[in-house]
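Notes follow once the structure below has been shown.
Quick caveat, the model's predicted, so the values are computed rather than measured. Here, residue 1 is the first one in the sequence, and each next residue gets the next number.
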Amino acid sequence: MVDLTSRQIQILRAVVDEYLKTAEPVGSDTIDKRYNLGVSPATIRNEMVYLSEQGYLKQPHTSAGRIPTSTALKLYVKELMSKKDLTVADEVSVKERIWETKDDLDKLLQEATRVLADRTKSIGIAFTNDKHAYHAGYSYLLGYPELNNVDVTRTILSLLEETNQLDTIFNGPWDEDVVHVVFGEDLGNQYLEQMSITFTDFTCGTRHCSLGVIGSSRVNYQHVVPMLEYFHDLILGMIPTR
């Protein structure tokens, strides 16, 4: 990964934050007005050009602004964002909803997808190594304007039925982080470019399980990531690992 200066990181974080809020390309004037970085719009513009050259930003053909690439979003999730702690009320509510299913892994995973869908306003999904898939919350796709397209929606819903592709995604060569993010831009399908899958994984008995959400590439990662970290620890504490 290219080394970035502190100013370039500030600008990149600002572009990502703004894009996650609006789904619109971000211009240097917007960054100057809203983020008070202490440098001129011209300097911001030059730095955004550099960030584009290094693969962190891209410029849609119809706009003067720029949007983050999957490379930028991965950096943001891994290093730049500030996670929001779950409230005690959130933790208690989640635990209460899935506690009664703790003796049946399949029921637990199904209920967990419903809770995740409700909490993140995205599709909740679970997948096991024996290729069982569970999902809920399809209507939440319509809440993201960039996904509210017949071809995009059809492609995402078809993905939920393609267990071989889900198996490839969830069982990829992941690092040791508790939560992983896959961006549609990396999946080689134009209709998935604005989508992301954020998930955690764990082993219960002989079954390896993945649990996460499918939604826009601009889901609220500050909330989704700690939510999945909590699910990870909660489920491992509820079900024996061997």
Side-chain angles (χ1 to χ4, degrees), residues 1-37 39-82 122 141 143-156 159 165 168-169 172-175 177 179-199 212-222 224-225:
M1 183 174 293
V2 176
D3 289 333
L4 300 178
T5 66
S6 59
R7 183 168 69 193
Q8 289 162 354
I9 288 173
Q10 278 186 304
I11 292 170
L12 182 60
R13 182 190 287 116
V15 172
V16 175
D17 281 337
E18 194 66 20
Y19 175 72
L20 293 182
K21 292 175 190 173
T22 66
E24 298 291 338
V26 183
S28 56
D29 288 342
T30 299
I31 299 301
D32 177 52
K33 291 174 182 176
R34 298 185 184 176
Y35 291 88
N36 192 28
L37 299 183
V39 294
S40 69
T43 298
I44 294 172
R45 190 176 304 115
N46 289 338
E47 294 286 34
M48 290 176 69
V49 169
Y50 176 80
L51 290 167
S52 299
E53 292 171 348
Q54 301 306 318
Y56 291 100
L57 301 177
K58 60 183 178 181
Q59 186 173 24
H61 296 302
T62 58
S63 172
R66 287 173 166 79
I67 63 176
T69 63
S70 62
T71 300
L73 290 169
K74 289 171 188 173
L75 178 64
Y76 177 83
V77 172
K78 196 173 183 67
E79 299 183 29
L80 303 185
M81 74 174 186
S82 299
S122 300
L141 286 180
Y144 294 98
E146 63 270 33
L147 301 183
N148 196 358
N149 170 287
V150 172
D151 292 323
V152 172
T153 303
R154 181 188 296 117
T155 304
I156 292 174
L159 175 65
Q165 188 169 358
T168 299
I169 292 171
W174 301 112
D175 55 27
D177 291 345
V179 176
H180 317 289
V181 187
V182 178
F183 290 97
E185 187 176 316
D186 300 326
L187 297 179
N189 186 314
Q190 62 173 323
Y191 296 121
L192 297 179
E193 287 184 357
Q194 306 258 10
M195 179 210 78
S196 69
I197 305 175
T198 311
F199 70 97
V213 297
I214 294 179
S216 167
S217 60
R218 60 183 191 90
V219 296
N220 186 352
Y221 297 106
Q222 292 176 306
V224 170
V225 170

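- Between the NZ atom in Lys78 and the NE2 atom in His180 there is a gap of 9.0 Å [rounded to 0.5 Å].
- Evaluation of the salt bridge (charged side-chain N to carboxylate O under 4.0 Å, His left out) rule for Arg218 yields Glu146 as partners, not counting sequence neighbours.
- Residue Met195 is tested with Leu159, Leu141, Val152 for a side chain to side chain contact (heavy atoms under 4.5 Å, CB included); the sole match is Leu159.
- Take Thr30 and apply the side chain to side chain donor-acceptor pair (under 3.5 Å) test, not counting sequence neighbours, and it matches no residue.
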Only pairs under 3.5 Å count here: list side-chain donor-acceptor contacts from residues 14-26, not counting sequence neighbours, and write none if there are none.
unit_1, atom_1, unit_2, atom_2, d
Asp17, OD1, Tyr76, OH, 2.7
Glu18, OE1, Tyr35, OH, 2.7
Glu18, OE2, Arg34, NH1, 2.2
Tyr19, OH, Gln194, OE1, 3.2
Thr22, OG1, Glu18, O, 3.0
Thr22, OG1, Glu24, N, 3.1

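- In this structure the side chain of Leu73 never reaches within 4.5 angstrom of the side chain of Glu185, judged on heavy atoms.
- Checked against salt bridge (charged side-chain N to carboxylate O under 4.0 Å, His left out), Asp29 has no partners two or more places apart in sequence or in another chain.
- The CD1 atom of Ile11 sits 9.5 Å away from atom CG of Leu57, with the distance rounded to the nearest 0.5 Å.
- In Asn36, the CG atom is not crowded: 12 or fewer heavy atoms of neighbouring residues, nucleotides or ligands sit closer than 6.0 Å.
- In this structure, CG in Asp186 is found 10.0 Å from CD in Glu193, a value given to the nearest 0.5 Å.
- Under the 30°/60° scheme for interplanar angles, the aromatic rings of Phe199 and Trp174 are found to stand perpendicular.
- Take Thr43 and apply the side chain to side chain donor-acceptor pair (under 3.5 Å) test, not counting sequence neighbours, and it matches Ser40.
- The backbone N or O of Leu80 lies less than 3.5 Å from a partner atom in the side chain of Arg13, making a donor-acceptor pair.
- Between the side chain of Thr69 and the backbone N or O of Tyr56 there is at least one donor-acceptor pair closer than 3.5 Å.
- Rounding to the nearest 0.5 Å gives a distance of 7.0 Å between OG of Ser52 and CD of Gln59.
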Inset, instruction - Determine, step by step, whether Leu75 and Ile9 satisfy the side-chain contact (heavy atoms from CB on, under 4.5 Å) criterion, reporting the C-alpha distance in whole Å, the side-chain angles of both residues, the deciding distance to 0.1 Å, and the verdict. - result: CA-CA 10 Å; Leu75 178 64; Ile9 288 173; 5.8 Å; no
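- Within the model, atoms CD1 of Ile197 and CD1 of Ile156 stand 9.0 Å from one another, a figure rounded to the nearest 0.5 Å.
- For Pro60 against Gly65, the heavy-atom pair with the smallest separation is CD-O, 3.6 Å.
- Side-chain contact between Val224 and Val213 is present, with heavy atoms from C-beta onward closer than 4.5 Å.
- In this structure a side-chain-to-backbone donor-acceptor pair under 3.5 Å is missing from Ser196 to Val182.
- The structure places CD1 of Ile31 at 8.5 Å from OG of Ser28, a figure rounded to the nearest 0.5 Å.
- No side-chain heavy atom of Leu12 sits less than 4.5 Å from a side-chain heavy atom of Gln54.
- Thr198 has its side chain out of reach of Val77: every pair of non-hydrogen atoms, C-beta onward, lies at least 4.5 Å apart.
- Every residue meeting the side chain to side chain contact (heavy atoms under 4.5 Å, CB included) condition with Thr155, not counting sequence neighbours, appears here in chain and number order: Asn189, Tyr191, Leu192.
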